[in-house]
Colleague: 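Please see the structure below; I have some questions.
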Amino acid sequence: MKKRLLLERKNYNPLEFEEKIYKYWLPYFRAKKSKKNFIILIAPPNITGSLHMGHTFQNFILDTLARYKRMAGFHIVWIPGTDHAGIATQNVVEKELRKEGVTRFELGREKFIARVWQWKDKYGQTILNQFRRLGLSLDWSRSRFTLDKEYTKTVQKAFVDYYRKGLVYRALRPVNFCPRCQTSLSDLEIEYREAKGNLYYIKYPLKGSGFVIVATTRPETMLGDVALAVNPHDETKSELVGKIAILPLVMRELPIVTDQRVDPKFGAGILKVTPAHSLIDYEISLRHDLPMVGVIDEKGKMNHNAVQFKGLDYLEARRQIVDYLDKQNLIEKIEEISHQIPLCERCGTEIQVIPSDEWFIKMDYLANLAYKLVKDRKVDIYPAKFRKPYFDWLRNVRDWCVSRKLWWGQQMPVWYCKHCHTQSFQVSINRPKRKCSLCKGTEWQMTEEVFDTWFSSALWPFAILYKKNEKEWYPADIVASAREILHLWITRMIFSGQFFLKKPPFKRAFIHSTILTKDGKRMSKSLGTGVDPLELISKYGSDSVRFGLLWQMTTHQDIRFDEQPIEQGKKFLNKIWNAYRFYFMKLEEKDINFKNKNLSSADKKILSALRSTRKFCQRKIEELELGLALKRIYKFFWNDLCDIYLESWKGESKNNPMVFKEVMIETLKMLHPWLPHLTQLIYFALGHKKPLFFERWK
RNA sequence: GCGCGUGUAGCUCAGUGGCAGAGCGUCCGUUUCACAUACGGAAGGUCGUUGGUUCGAACCCAACCACGCGCACCA
């Protein structure tokens, strides 16, 4: 790729060169230990899909930063990887099976997992190849997967460690349960949908005489009622406190208690307490020492506590119970309301809250760790407006349910006695040698439960950046994340890192804006509102797309996607290409006297503009205001350099060729983080043989 | 309900107290020897609304309206 190339072509076509240039760079992306490392923690994409706008945007930001830092003298460490994405991947493969008419249960655990590995081999690579197409400066020789052997071991060890330090417990507690996925879910894996429903006002007779009215949207759970509750400050209800109500259908006696979680303005101002099927009710039951009576099982069917309704689907049970109550004249009225229904984030099935045997991590100590690190600025959550939601979440967080009854994930290092089953367990990586404390048996079986995929993600920085007695790149300088996984991922990495390595896993967490559709809606594959970044790249080239996205980037506002700035990017590439052509032509035409030290006024102006632009950009890049920096460079290039300075070279010119030369190379360096492929190509054409990112910004 | 953010040209957005800006789009003109993916020019705005502070407000303050997001509730 010589000078000739530049002179021959009046126009630049990015698609022609980008992939070749990327291949040329690869060996130079190797991570190595250095006194001046700049370490980036990648967000490993799920193996479920292909590159979307969010990945593209996030990694363009990081790559631009990486190239800038490299040109400021740092050695970059940026290691790629993919996430097994437990429930998400399991569901995609299940969907595939459904087309073949097979369920995962018919296939069996082992065969099913083999199927998922097949999926992983096929699609896990796809998304990484797409990262290459973006031009990211990643060290491919160290790529990791969250389910590789070493990683799994790290995850299991971490759990054992938590257990030994007393942060893990196993409990029968109501949890969010997806009847289709057949697993528990954390609060963060649920989404809500607005739906119309009925609010049933039901008469509960009082012991002695009279009755109270209780409103509920879910009459079928009333068979699990163990109390009624009113707000302690609700004077209109105070004479009820201490009385006993009778649960219709089963005639159970229900004490009437007070609890502040009751909203006196909702419904009839009386809450039926059903600890087995509501998290709030469960909390109330702990405060009042109430039992838990479950009536719905994990398939969403009524269980033996539901007397004559046993075996019915919960919706059918609701219908029959309302029917029964109505015949007994116990329905006061039915109101139509609009309320939020909890759905499984991954499959859309309505969530049931049911009691289930699960493993929990105590959050108070860990939440406190995470809180302090950000409060003391040991971790910079940036922009600062995300600090408040971070603190709020940690203040209110519940214990973390980390067990999942899925098949795809890291198996928990928990062993149950073959005879006593879940009554007796050991927590250890290897098969326990101890005797069972109940039956003295010595046969242990590893549990089929796996970890919440976010439990493993929380250990990502630890697993990929830290190795004892070897190269250590922990902690990272920066991680970038979408807003929606602030708690799911960022927060949990912070306390996990601090807990295990006594150091937070990164110095700065950058929460970048979201790319929305042109009408400000969420981009979603299923709604068909997504824009495929790869299509854009094959239309305009990677540099143009990078330009277009970064051009629109701000740190404080979401982006409404617009193809136009990408188009503008492509034109800009052409403008740059031609500016360098012009430079060549002039140098060839003129017999340059390099000893000339005189500067024209145009020389002085362009040097000054170059300096101030560079200074401005350095400041803005550190603030991650890449959009502002890019706009400034664009303006400098088009107006100061092309419109004024290059024009001043036309005709008779008193400009100094040395200045010309310097300005053109310095400008090329300044452009490189934004337009890496093009600038590298021109750099070659200028006669250089090394990667442009080895140059330094002055 | 609580919190965060946004509202500036047809569109996407810059603009932190001193003459309202950019890119695209639109209209008119130009193939002049780097680039028609270019160049020259033009039209286009009650800066969400109301009030306040100020010599002066797009910018600071208050209230309101609209939109987006997060959290909680969702019995």
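Below, chains carry the letters A, B, ... as their sequence lines are ordered, and counting in each starts from 1.
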Colleague: Has A:Arg483 got a side-chain N or O lying under 4.0 Å from the OP1 or OP2 atom of B:C69?
Modeller: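 For A:Arg483, the contact criterion (side-chain N or O under 4.0 Å from OP1 or OP2 of B:C69) is not met.
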
Colleague: Counting only side-chain nitrogens and oxygens, does A:Ser278 get under 4.0 Å of the OP1 or OP2 atom of B:A75?
Modeller: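 For B:A75, OP1/OP2 do not have a side-chain N/O of A:Ser278 under 4.0 Å.
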
Colleague: Would you mind reporting whether A:Tyr390 and A:Thr491 have side-chain heavy atoms less than 4.5 Å apart?
Modeller: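 Side-chain contact under 4.5 Å: yes.
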
Colleague: Find every protein N or O atom lying less than 3.5 Å from an N or O atom of nucleotides 3-11 of chain B, and list the pairs.
Modeller:
residue, atom, partner, partner atom, Å
B:C11, O2', A:Lys518, NZ, 3.4

Colleague: Base, sugar-phosphate or nothing for A:Lys631? Non-hydrogen atoms, less than 4.0 Å.
Modeller: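 Contact class for A:Lys631: sugar-phosphate only.
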
Colleague: Of all residues at least two apart in sequence or in a different chain, which pass the ring-ring contact (aromatic ring centres under 6.0 Å, His included) check with A:Trp551?
Modeller: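 ring-ring contact (aromatic ring centres under 6.0 Å, His included) check on A:Trp551 returns A:Phe547, A:Tyr634.
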
Colleague: For a quick check of understanding: with a heavy-atom distance under 4.0 Å over all strands, which category does A:Glu625 fall into, base, sugar-phosphate or nothing?
Modeller: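 Here A:Glu625 touches no strand at all.
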
Colleague: Sequence neighbours left out, what passes side chain to side chain donor-acceptor pair (under 3.5 Å) with A:Asp380? Give chain and number order.
Modeller: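 Side chain to side chain donor-acceptor pair (under 3.5 Å) check on A:Asp380 returns A:Arg508.
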
Colleague: Report, one pair per line, the protein and nucleotides 36-40 of chain B atoms (nitrogen or oxygen only) whose separation is under 3.5 Å.
Modeller:
residue, atom, partner, partner atom, Å
B:U37, O2', A:Asn574, ND2, 3.1
B:U37, O2, A:Lys570, O, 3.4
B:A38, O3', A:Lys575, NZ, 3.3
B:C39, OP1, A:Lys575, NZ, 3.2
B:C39, OP1, A:Trp638, NE1, 2.6

Colleague: Just to verify, what does A:Tyr201 make a ring-ring contact (aromatic ring centres under 6.0 Å, His included) with, not counting sequence neighbours?
Modeller: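 So A:Tyr201 forms no ring-ring contact (aromatic ring centres under 6.0 Å, His included) with any residue.
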
Colleague: Please list, in numerical order, the residues of residues 540-550 of chain A that have a heavy atom closer than 4.0 Å to any atom of RNA chain B.
Modeller: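 Per residue number, the list is empty: none.
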
Colleague: Please report the distance separating the C1' of B:A20 from the corresponding atom of B:C64, rounded so that it comes out in whole Å.
Modeller: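 26 Å, rounded to whole Å.
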
Colleague: Of the candidate nucleotides B:A34, B:A75, B:G23, which contains the atom at the shortest distance from the side chain of A:Gln564?
Modeller: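 Nucleotide nearest to A:Gln564's side chain: B:G23.
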
